[in-house]
Amino acid sequence: MRLFRSFRDDRALLRRSAEYAAALMEEPAASDVDWLSAVATRGDSDHAIWELRYLRRALGILVAQRDALDDRTPSEVLRALLHRMQKDHNVDGELIDLAERQFNARLSAYRDAFTSRGHGTPAIRVAQNLLAFSGGPIRADDPVVQRGTVLVSEYLAASNAALQASFGKAQLPEDVQPSKVGR
């Protein structure tokens with residue numbers, strides 16, 4: 001019985017991870033692409049689209065690492081996301097390795113910005129990184145960075161909502177502290 005339950009749980013984790021990865025693969029809104037190409041990529045909308053795709057995917061991984069209910073979730077989500085990225089019709093087959101390297105560079109930079117305790121909020125630091133990769137301004141008080149911060153916050157909220165939709169929301173009884181769960 002225990003083996004069957006473990007198999008069923010593993011299958012459910014894979015299905016939920018694939019569902020969440022699909023949400024992370026959604027295309028950025030045209031208005032966001034227009035904004036980023038106008039303020040940072042010198043009108044290059046293809047560059048803007050890719051930076052926003054990488055941003056959504058990286059933030060989705062970071063949200064899974066921060067908010068997932070199961071320790072296996074982030075690694076399964078990353079596996080599912082990379083599987084989808086390798087089959088992405090938007091990438092020429094000969095450029096898949098390049099796209100993976102670019103994604104990994106952004107994931108690393110966004111993770112550092114997201115988890116560091118530097119100046120400003122994590123959303124501001126991530127927005128500064130987005131704009132640095134895109135060729136835009138990075139001063140925290142710049143209106144472009146402020147708009148980028150709003151965009152990053154929206155992507156974080158959307159990732160969190162998609163994670164909860166795929167995996168459920170943590171619910172504890174009011175008298176149980178999170179640190180006491182699993183003991």
Side-chain angles (χ1 to χ4, degrees), residues 13 16-17 20-21 23-26 28-29 32-33 35-36 39-41 47-82 85 99-183:
L13 178 61
R16 291 175 177 147
S17 297
Y20 183 57
L24 300 181
M25 292 292 291
E26 290 179 10
D32 295 338
V33 173
W35 168 77
L36 189 59
V39 300
T41 65
H47 183 185
I49 289 170
W50 276 104
E51 292 302 338
L52 293 170
R53 286 174 179 155
Y54 291 144
L55 176 68
R56 179 185 308 274
R57 296 167 189 176
L59 290 178
I61 295 300
L62 297 175
V63 164
Q65 290 173 341
R66 182 188 69 187
D67 298 343
L69 303 176
D70 184 331
D71 291 341
R72 298 176 303 163
T73 299
S75 61
E76 288 302 326
V77 165
L78 182 57
R79 183 176 293 128
L81 180 62
L82 291 176
M85 288 174 63
E100 281 187 28
R101 285 193 307 274
Q102 289 176 340
F103 173 71
N104 287 333
R106 280 136 183 92
L107 177 59
S108 179
Y110 294 150
R111 178 181 291 117
D112 289 346
F114 191 70
T115 60
S116 74
R117 297 185 185 255
H119 295 288
T121 66
I124 289 172
R125 293 189 301 270
V126 171
Q128 288 171 314
N129 275 284
L130 167 67
L131 291 162
F133 281 120
S134 303
I138 60 170
R139 283 192 16 225
D141 62 345
D142 191 297
V144 172
V145 174
Q146 296 302 312
R147 169 65 179 96
T149 301
V150 170
L151 179 68
V152 167
S153 296
E154 290 170 357
Y155 276 32
L156 285 169
S159 293
N160 188 274
L163 183 73
Q164 288 181 17
S166 296
F167 292 94
K169 183 176 180 177
Q171 295 183 347
L172 298 173
E174 289 184 30
D175 62 333
V176 177
Q177 296 175 350
S179 61
K180 302 293 183 193
V181 173
R183 288 187 176 178

Point-to-point distance, once rounded to the nearest 0.5 Å, from [atom1] of [X] to [atom2] of [Y]:
| X | Y | atom1 | atom2 | value |
| --- | --- | --- | --- | --- |
| Ile138 | Leu130 | CD1 | CG | 12.0 Å |
| Ile61 | Leu163 | CD1 | CG | 10.0 Å |
| Ser153 | Leu59 | OG | CG | 9.5 Å |

Exercise for review: Under the side chain to side chain contact (heavy atoms under 4.5 Å, CB included) rule, what do Val126 and Leu55 come out as? Steps first, then yes or no, please.
Suggested key: CA-CA 9 Å; Val126 171; Leu55 176 68; 3.8 Å; yes
Under 3.5 Å, is there a donor-acceptor pair between the side chain of [X] and the main chain of [Y]?
| X | Y | result |
| --- | --- | --- |
| Tyr20 | Ala80 | no |
| Gln128 | Arg139 | no |
| Ser159 | Tyr155 | yes |

Which heavy atom of [X] sits nearest a heavy atom of [Y], and at what distance?
| X | Y | result |
| --- | --- | --- |
| Val39 | Pro137 | O-CD, 3.9 Å |
| Pro74 | Ala64 | CG-O, 3.5 Å |
| Thr73 | Phe167 | CG2-CZ, 3.6 Å |
| Val145 | Ala127 | O-CB, 4.0 Å |

Review point. Got more than 12 heavy atoms from elsewhere within 6.0 Å of CG, Asp141?
Key: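 For Asp141, atom CG is crowded (more than 12 foreign heavy atoms under 6.0 Å).
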Point to revise | Leu82 CG: over 12 foreign heavy atoms closer than 6.0 Å | key: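 Counting neighbours around CG of Leu82, more than 12 heavy atoms of other residues, nucleotides or ligands fall under 6.0 Å, so yes.
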Check your understanding: If you look only at pairs with a residue in residues 51-67, which of them pass as a salt bridge (charged side-chain N to carboxylate O under 4.0 Å, His left out), with sequence neighbours excluded?
Key ->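 Every pair satisfying salt bridge (charged side-chain N to carboxylate O under 4.0 Å, His left out) with a residue in residues 51-67: Glu27-Arg53, Glu51-Arg106, Arg57-Asp88.
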Practice item. Begin from the C-alpha positions of Val152 and Thr149 and carry the test side chain to side chain contact (heavy atoms under 4.5 Å, CB included) through to its verdict. Key: CA-CA 5 Å; Val152 167; Thr149 301; 5.7 Å; no
Distance-only donor-acceptor pairs under 3.5 Å for side chains of residues 112-119, two or more places apart:
| from | atom 1 | to | atom 2 | distance (Å) |
| --- | --- | --- | --- | --- |
| Thr115 | OG1 | Arg111 | O | 2.7 |
| Ser116 | OG | Asp112 | O | 3.3 |
| Ser116 | OG | Arg125 | NE | 3.1 |

Review point. Taking atom types as modelled, is there a side-chain donor on Asn160 or Gln164 under 3.5 Å from an acceptor on the other?
Key: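 Judged by distance alone, the side chains do pair up.
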Check your understanding: Can you name the salt bridge (Lys or Arg N to Asp or Glu O under 4.0 Å) partners of Asp70, sequence neighbours left out?
Key ->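 Applying salt bridge (Lys or Arg N to Asp or Glu O under 4.0 Å) to Asp70 gives Arg72.
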Exercise for review: Classify the angle between the aromatic ring planes of Tyr110 and Phe133 as parallel (below 30°), tilted (30 to 60°) or perpendicular (above 60°).
Suggested key: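 If you compare the ring of Tyr110 with that of Phe133, the planes turn out perpendicular.
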Min side-chain heavy-atom separation [X]-[Y] under 4.5 Å:
| X | Y | result |
| --- | --- | --- |
| Trp50 | Gln102 | no |
| Leu52 | Leu151 | yes |
| Tyr54 | Leu107 | no |

Review point. So Ile49 and Leu36, side chain to side chain contact (heavy atoms under 4.5 Å, CB included) or not? Walk me through it.
Key: CA-CA 8 Å; Ile49 289 170; Leu36 189 59; over 6 Å; no
